[in-house]
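Can you keep this structure in mind? I'll have questions shortly.
Just so it is clear, the structure is predicted and the values come from calculations on it, not from any experiment. As a basis for the values below, the full set of heavy atoms in this structure was taken, side chains included, without hydrogen atoms, waters or symmetry mates.
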Amino acid sequence: QVQLVESGGGLVQAGGSLRLSCAASGRTFSSVVVGWYRQAPGKEREFVACISWSGGYTYYADSVKGRFTISRDNAKNTVYLQMNSLKPEDTAVYYCAAGPRYSSDYRTYDYWGQGTQVTVSS
């Protein structure tokens, strides 16, 4: 069992930066893949990035590649999403998720956080 809590969202101007955190509880955290997803009003949930259990492999959506960086600190049971050069179209609720497989498919993730709002003003 893994419980996830996101934090770090907020309001930022275009071009700015935010760092999201996903704090996990549960003894199996270091063995799970963690992904970030986002959902804007009226839109479907969208894959953002994922990271392997060791942190050695990362994968990004084309829309965020080069601007966002996912990382993890298993000693702190935390995964981060550093978001730079933010754009208004990045505005969404951001969710972290944990699961057994390295994948961009949301159906492979078993555990989800409650989400944190990111708003980018133009």
Check the hydrophobic clustering (I, L, V, M, F, W, Y; side-chain heavy atoms under 4.5 Å; chains of links allowed) and say if Val93 and Val34 are grouped together. no
Which residue in the set Leu11, Leu18, Thr91 passes side chain to side chain contact (heavy atoms under 4.5 Å, CB included) when paired with Val120? Thr91
Has the side chain of Ser103 got a donor or acceptor atom that lies under 3.5 Å from a matching backbone atom of Arg101? no
Glu6 side chain to Gly115 backbone, donor-acceptor under 3.5 Å: yes
State the CH2-OG distance between Trp53 and Ser31, to the nearest 0.5 angstrom. 8.5 Å
Would you find more than 12 non-hydrogen atoms of other residues, nucleotides or ligands less than 6.0 Å from Tyr111 atom OH? yes
Evaluate side chain to side chain contact (heavy atoms under 4.5 Å, CB included) for Arg38 paired with Val118, printing each intermediate quantity in order. CA-CA 9 Å; Arg38 65 188 182 185; Val118 171; over 6 Å; no
Given side chain to side chain contact (heavy atoms under 4.5 Å, CB included), test Val33 with Tyr57 step by step and report yes or no. CA-CA 10 Å; Val33 174; Tyr57 295 95; over 6 Å; no
Checking side chain to side chain contact (heavy atoms under 4.5 Å, CB included) for the pair Gln3/Val5: CA distance, chi angles, key distance, verdict? CA-CA 7 Å; Gln3 292 80 42; Val5 178; 5.9 Å; no
Closest non-hydrogen atoms of Ile70 and Tyr60, given as atom of the first, atom of the second and distance, are N-OH, 2.9 Å
Tell me if the CD atom of Glu44 is crowded by more than 12 foreign heavy atoms within 6.0 Å.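 No, the 6.0 Å shell around CD holds no more than 12 heavy atoms from other groups.
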Spacing of Tyr102 atom OH and Ile51 atom CD1 [to the nearest 0.5 Å]: 8.5 Å
For Tyr95 and Leu4, what are the C-alpha separation, side-chain angles and deciding distance, and is it a side chain to side chain contact (heavy atoms under 4.5 Å, CB included)? CA-CA 9 Å; Tyr95 301 89; Leu4 304 171; over 6 Å; no
Is the side chain of Asp90 donor-acceptor paired with the backbone N or O of Ala14 at a distance under 3.5 Å, no angle test? no
May I ask you to decide if the ring planes of Trp112 and Tyr37 are parallel, tilted or perpendicular, using 30° and 60° as cut-offs? tilted
Do any N or O atoms from the side chain of Tyr109 and from the backbone of Ser104 form a donor-acceptor pair under 3.5 angstrom? no
Nearest atoms (heavy-atom pairs only) where Gly9 meets Leu20: N-CD2, 3.6 Å
Which residues share a disulfide bond (SG atoms under 2.5 Å apart) with Cys22, sequence neighbours left out: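 Checked Cys22 against disulfide bond (SG atoms under 2.5 Å apart); matches are Cys96.
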Closest contact, heavy atoms only, Ser17 versus Ser85: OG-N, 4.3 Å
Spell out, yes or no, whether Trp36 and Leu86 are grouped together once hydrophobic residues are joined by side-chain heavy atoms under 4.5 Å, including indirect joins.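 Same cluster.
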Could you grab the distance from atom CD of Gln82 to atom CZ of Arg19, nearest 0.5 Å is fine?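 If I round to the nearest 0.5 Å, the distance is 7.0 Å.
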Do Lys65 and Asp62 sit within salt-bridge range, that is, some charged N less than 4.0 Å from a carboxylate O?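 Asp62 and Lys65: salt-bridged.
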Within-4.5 Å side-chain heavy-atom neighbours: Ser63 and Glu46: yes
Side chain of Arg72, backbone of Ser52: donor and acceptor closer than 3.5 Å? yes
What distance do Lys87 atom NZ and Ser122 atom OG have between them, rounded to the nearest 0.5 Å?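 Between atom NZ of Lys87 and atom OG of Ser122 there are 14.0 Å.
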